[in-house]
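Proteins come first, then strands; the chains are lettered A, B, ... in the order of their sequence lines, and each starts at number 1.
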2 protein chains.
Amino acid sequence: MERTKFILDEKDMPTQWYNILPDLPEPLPPVLHPGTGNPITPDDLAPLFPMSLIMQEFSPESYIDIPEEIQEIYRTWRPTILHRAHRLEKALDTPAKIFYKYEGTSQAGSHKPNTAIAQAYYNKKEGIKRIATETGAGQWGSALAMGCMFFDIELKVYMVRISYDQKPYRRILMETWGATCVPSPSPDTKAGRDMLAKDPDCPGSLGLAISEAVEDAATRDDTHYSLGSVLNHVLLHQTIIGEETRKQMEMADAYPDIIVGCIGGGSNFAGQFLPWIKDKISGKKPDLRVICVEPKAAPTLTRGPYTYDFGDVAGLTPLLKMYTLGHDFIPPPVHAGGLRYHGMAPIICHLYNLGLIEARAEHQMATFEAGVQFARTEGIITAPEPCHDLKVAIDEALKCKEEGKSKNILIAHSGHGHFDLAAYDAYLSGKMVDYEFPEGKMKEALASLPKVPGS
Amino acid sequence: MERTKFILDEKDMPTQWYNILPDLPEPLPPVLHPGTGNPITPDDLAPLFPMSLIMQEFSPESYIDIPEEIQEIYRTWRPTILHRAHRLEKALDTPAKIFYKYEGTSQAGSHKPNTAIAQAYYNKKEGIKRIATETGAGQWGSALAMGCMFFDIELKVYMVRISYDQKPYRRILMETWGATCVPSPSPDTKAGRDMLAKDPDCPGSLGLAISEAVEDAATRDDTHYSLGSVLNHVLLHQTIIGEETRKQMEMADAYPDIIVGCIGGGSNFAGQFLPWIKDKISGKKPDLRVICVEPKAAPTLTRGPYTYDFGDVAGLTPLLKMYTLGHDFIPPPVHAGGLRYHGMAPIICHLYNLGLIEARAEHQMATFEAGVQFARTEGIITAPEPCHDLKVAIDEALKCKEEGKSKNILIAHSGHGHFDLAAYDAYLSGKMVDYEFPEGKMKEALASLPKVPGS
């Protein structure tokens, strides 16, 4: 019998996160203060984040110990399983071996709790009693609600109003875990009130929700702000995924030739591939291919310029060196809401710029075709975001068949699609459409890129 | 560090199901033909079920080998994890040790695939190309859709129309796995057409959906019928749960003092406790307590008489000796749809009648209170049905605290509540109500109990 799953015992769960910063062949471009153009300092970030997370953002250490309190919570669902997709391989009649590391068994259904737990812990340790955050469709808000529940921290989530109204399930998840969730714009902040005065029926936007959460955190001493992707410390916490997978691939006696994953802000995929890419940087596995998959509706790496931009739509963050479609760019409404982001984690952008990783953009209908094929072979219903991984993994496996090569393909599967079945319905009933990339809108958005002071 | 999870490697997955029939202290009362009053024979069941399943229904063997083809599919998600609920114990400040065997990580989110896979396999092996079944809220229909997908069998699901309209997510699940799902009453059967002629807006009922599925199977040579609970062979397939748990409790160096689980048709809980109750029957663990939890809205064991009744609302099945509220009884609309059944698996009824197991009935609001406490300690969002387990487990743990006794409590947790969040919303927003048991309706339903010919 060939193994179907590679299961780590909880006593073999990695006890350190991997930090790529000291192993980068060139240092990461600094994050800049939008007012001065100077690199930001830890103190600049102190009003919003606990100092321990800020220090992780800049850390020179290759490995950072995971505190026992975080490990204890991780162990309620981790280590997660590495699966071998025997049935998909057979359906494709490919000589490739396909593995997928599946993060869908966390209580929130995705990888997001890996950082939510850590962020809640470090805030708690610094005496913070309350966190404010924003959420679009609710994936991040629900993961942080779970994280705050575990550490008894009050959480207020500003949820984009149109999602609040149309997608009640994620809101109920947050409330079940004890968080307070309000539709944004809300009457609870000045930003919200101003908008409501102008337009009482405003459907909200992620940019506005960020403004509300940041205002909330900045105006209350007991409150911090929290972000679910993009930043170095978020990617750091997600490396538990790749560190586990390294042990599991060893159990499988296989080393990946190709690693594929979708990127929105980039934290899930980076969490998987960063612990491997160091082998490419060091020359131990020079031919390792890492393929980032983005939606054609928001093709950041494949179409955007590499430049300084704000991380958020409202222009409140420091300036990050990123591939960007412009912080004003609003992507078409594809179902993969987690990939509808104008920028990308600076670490991923830097590695892409150095030619160490690849990128590919896909239309959503092709990704759902792959998702249905996966559901009908492996059984798992995949969220719209990791359906992008599946599309590229299947393409690569078919290429292996053509070329008669047996390669090891590793998929960074970030979670299940139990809350996304309306998207499958749209696909199966022929109501789904693809969106051409709105070139003109990007050009318009890029025209309003911030000028770096002094440059 | 105390362990949080007890994980079996897939090579240690049990390879046999446990059959209680030969170990019963008294034989199970026979199933009777409603026309003759004689015990039914395998031939009577042959038009609807494959002979291998029929033989399992009557098997004298204590252990039945799980075919390798079924094991192979089981291994896509099994063995499931046995958790220790450290955080719940701490919140309750109890000396009890609480364990829960969690079936929510199957691709369908519950225990149902354990039998769906097996039934699909045996039908396939007998050359059956198509199966018809009914489903209420969609739990069974989606599990069988997954089972049929794995063995390339066509599946038609007759789904109660009001659920079809109000709960589209389970329907989409079925379709994603490739099944056809129609609202019942449908124009595809005589039973459906007759009802539509009388009432084109008929919301449907489980009884009518069964009639449609049975008619479909009985009138087509290539088609069989399939049932998701109640019957002996269904309980047999579910014993993989308890067989795994026995190995895992050994890893934990603990033997359960109390096992709790909810019962609708009884298959999940029987799957857990049957492999343990044999130790009570044999005298090896005479003080083992097994507590069946039912909703106060459908208190079959705690309120019904032990008598012969039809298994279905329409009166199409053979006569089963059961505790029953009468096959005409329609339980109040509690959220735990899987527990809204008038009867109970004959094996469970027999054990209850022999005094080997206990039963308790709970109101739904108290079970959701327990579900929220579980979500806010262990993180997992529990389906409304196993919320009943949690209520009783918490009560027993608090009793341990009162009495200063450390007992091992084992919960048969059947699955997640990702498709049931509207129920949590109702509870959290104060809109949930409890239903008093409709005594009068039961009396009316019992008045129409079938007369056993010749008795």
Taking [atom1] in [X] as the centre, count heavy atoms belonging to other residues, nucleotides or ligands within less than 6.0 Å. Is the count above 12?
X      : atom1 : result
A/K5   : NZ    : yes
A/K97  : NZ    : no
A/K167 : NZ    : no
A/E69  : CD    : yes
B/E250 : CD    : no
B/E369 : CD    : no

Looking at [options], which makes the most heavy-atom pairs under 4.5 Å with chain A?
options                       : value
B/E175, B/E72, B/E378, B/M149 : B/M149
B/I381, B/V372, B/T105, B/I73 : B/I381
B/S429, B/P168, B/A422        : B/A422
B/Y424, B/W177, B/Y102, B/F6  : B/W177

With only heavy atoms counted, which part of [X] is less than 4.5 Å from chain A, the side chain, the backbone, both or neither?
X      : value
B/L8   : backbone
B/I380 : both
B/R84  : neither

Using side-chain heavy atoms (C-beta onward) and a distance below 4.5 Å, is [X] in contact with [Y]?
X      : Y      : value
B/H83  : A/T76  : no
B/H416 : A/H418 : yes
A/T4   : B/E10  : yes

Please state whether the side chain, the backbone, both or neither of [X] comes within less than 4.5 Å of a heavy atom of chain B.
X      : value
A/Y427 : neither
A/A108 : neither
A/T176 : both
A/R170 : neither
A/T377 : backbone

Measure up the A/Y169 and B/Y169 rings against each other and bin them: parallel (under 30°), tilted (30 to 60°), perpendicular (over 60°).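 Tilted.
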Pairwise distance CD1(B/I7) to CD1(A/I7) - rounded to 0.5 angstrom: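 Between B/I7 CD1 and A/I7 CD1, I get 7.0 Å after rounding to 0.5 Å.
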Report the distance from atom CD1 of B/I81 to atom CH2 of A/W77, rounding to the nearest 0.5 Å. 12.0 Å
Can you tell which of A/H86, A/M146, A/R376 has the highest number of heavy-atom pairs within less than 4.5 Å of chain B? A/R376
If the threshold is 4.0 Å, N to carboxylate O, is there a salt bridge linking B/D9 and A/R3? yes
Audit row: A/R87, B/F150, side-chain contact (heavy atoms from CB on, under 4.5 Å) steps and yes/no: CA-CA 9 Å; A/R87 298 178 53 83; B/F150 276 124; 3.2 Å; yes
Report the C-alpha separation of A/L421 and B/R171 in whole Å, then their side-chain angles, then the decisive distance to 0.1 Å, and conclude whether the side-chain contact (heavy atoms from CB on, under 4.5 Å) test is met. CA-CA 9 Å; A/L421 283 165; B/R171 165 186 61 78; over 6 Å; no
